[in-house]
There are 2 protein chains.
Amino acid sequence: MKKSYCPIDTFINSIKGKRKGTIILHLWQGDKRYNELVKLMPDISERMMTKQLKELEADGLIHRTVFPEVPPRVEYSLTELGRDIRPVLKGMYKGGLLLESTIDAEKN
Amino acid sequence: MKKSYCPIDTFINSIKGKRKGTIILHLWQGDKRYNELVKLMPDISERMMTKQLKELEADGLIHRTVFPEVPPRVEYSLTELGRDIRPVLKGMYKGGLLLESTIDAEKN
DNA sequence: CAGAATCCAATATGATACTG
DNA sequence: CAGTATCATATTGGATTCTG
């Protein structure tokens with residue numbers, strides 16, 4: 001990830017990718033296999049899912065465990081860092097609801 | 001702003017634009033004129049600054065006040081919604097520092 | 001002062017097909 | 001099962017110039 005000029009931008013850059021927030025939210029509920037995540041989010045392509053997972057892993061927010069079995073099994077989980085930022089994500093969730101209600105209000 | 005599938009993504013979408021986090025951080029310190037913001041962030045072009053300010057305004061996070069003077073004066077400030085999410089931004093700031101220290105640790 | 005307009009380069013995302 | 005590879009489109013960002 002590129003260097004940011006401000007910690008807030010660093011944080012944003014680590015989670016702004018397509019549906020990264022939702023991915024973390026799902027892993028929050030428990031470890032998930034690749035296909036489980038794909039099924040949980042039918043609106044994002046596999047190519048995108050793979051990309052986001054790789055980036056989240058590179059940024060140290062999630063962990064990838066490969067089980068040497070046939071057929072292959074890969075599980076994703078939150079790292080300690082990923083778990084540390086859960087309160088922030090919770091705040092973002094609430095903030096998102098606030099934003100949505102503001103947007104809805106504009107329509108009326 | 002497009003509809004999101006999850007409040008976290010709604011929130012991210014509202015602040016993921018180039019340096020939006022930093023803009024809000026500056027307005028947090030007090031209202032600012034357009035040129036003040038430009039000078040505070042020399043690394044972003046005016047075109048981008050204008051665009052981010054317009055988007056933040058459209059999403060209801062900042063307010064734009066025009067003073068009918070010559071030369072023109074425009075001041076930007078946080079809206080109530082913008083102020084409401086300050087605790088979240090504070091958490092993001094801390095999270096960003098955590099991420100940065102993790103990244104630095106990898107270099108050694 | 002506070003921007004708008006224009007043109008171009010860089011990323012991000014989407015759709016589809018293929019593989020160890 | 002858990003991805004890759006390839007091609008095409010869309011969105012974002014940068015540089016520069018112009019204006020009420």
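To find a chain, count down the sequence lines: A is the first, B the second, and so on, and within it residues start at 1.
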Practice item. Name the nucleic acid region contacted by Phe67(B), choosing base, sugar-phosphate or nothing; use a 4.0 angstrom heavy-atom cut-off, strictly under. Key: nothing
Check your understanding: Listed by chain and number, what are the side chain to side chain contact (heavy atoms under 4.5 Å, CB included) partners of His26(A), not counting sequence neighbours?
Key -> Thr22(A), Leu37(A), Leu40(A), Met41(A)
Point to revise | Terminal axes of the helix from dC1(C)-dG20(D) to dG20(C)-dC1(D) (five pairs each): angle between them, nearest 10 degrees | key: 60°
Check your understanding: Heavy atom of residues 20-27 of chain B under 4.0 Å from DNA chain D: which residues?
Key -> none
Review point. Can you tell me how far P of dA12(C) sits from NZ of Lys16(B), to the nearest Å?
Key: 10 Å
Check your understanding: Which residues satisfy the side-chain hydrogen bond (donor to acceptor under 3.5 Å, both in side chains) test with Tyr34(A), sequence neighbours excluded?
Key -> Glu46(A), Thr50(A)
Check your understanding: How would you list, by chain and number, every residue that makes a side chain to side chain contact (heavy atoms under 4.5 Å, CB included) with Ile12(B), sequence neighbours excluded?
Key -> Ile15(A), Lys16(A), Met92(A), Ile8(B), Asp9(B), Lys16(B)
Practice item. Only pairs at least two apart or in different chains count here, so list each salt bridge (Lys or Arg N to Asp or Glu O under 4.0 Å) that has a residue in residues 29-45 of chain A. Key: Arg19(A)-Asp43(A)
Considering only nitrogen or oxygen atoms on both sides, find all protein atoms under 3.5 Å from nucleotides 5-7 of chain C and state each distance.
from	atom 1	to	atom 2	distance (Å)
dT6(C)	O4	Arg47(B)	NE	3.2

Practice item. Grab the CZ-P distance between Arg19(A) and dA12(C) for me, whole Å please. Key: 18 Å
Review point. Do we see a donor-acceptor contact under 3.5 Å between the side chains of Ser4(B) and Asn13(B)?
Key: yes
Exercise for review: Determine which pairs satisfy salt bridge (Lys or Arg N to Asp or Glu O under 4.0 Å) with at least one residue from residues 66-87 of chain B, sequence neighbours left out, and list them in order.
Suggested key: Glu69(B)-Arg73(B), Arg73(B)-Glu75(B)
Exercise for review: Identify, residue by residue, the members of residues 32-44 of chain A with a heavy atom below 4.0 Å from DNA chain D, and return them in order of residue number, or none.
Suggested key: Arg33(A), Tyr34(A), Asn35(A)
Check your understanding: Which nucleotide span of DNA chain D, 5' end to 3' end, has atoms closer than 4.0 Å to non-hydrogen atoms of chain B?
Key -> dG13(D) to dG20(D)
Study note, to complete from the structure: Across all chains, not counting sequence neighbours, the salt bridge (charged side-chain N to carboxylate O under 4.0 Å, His left out) partners of Lys51(A) are Glu55(A)
Show the distances under 3.5 angstrom between N or O atoms of the protein and N or O atoms of nucleotides 17-20 of chain C.
none

Review point. For DNA chain C, whose closest nucleotide is more 5', that of Lys51(A) or that of Lys54(B)?
Key: Lys54(B)
Practice item. Kindly indicate, with the supporting measurements, whether the criterion side chain to side chain contact (heavy atoms under 4.5 Å, CB included) is fulfilled by Leu89(B) and Trp28(B). Key: CA-CA 10 Å; Leu89(B) 293 175; Trp28(B) 194 332; 3.9 Å; yes
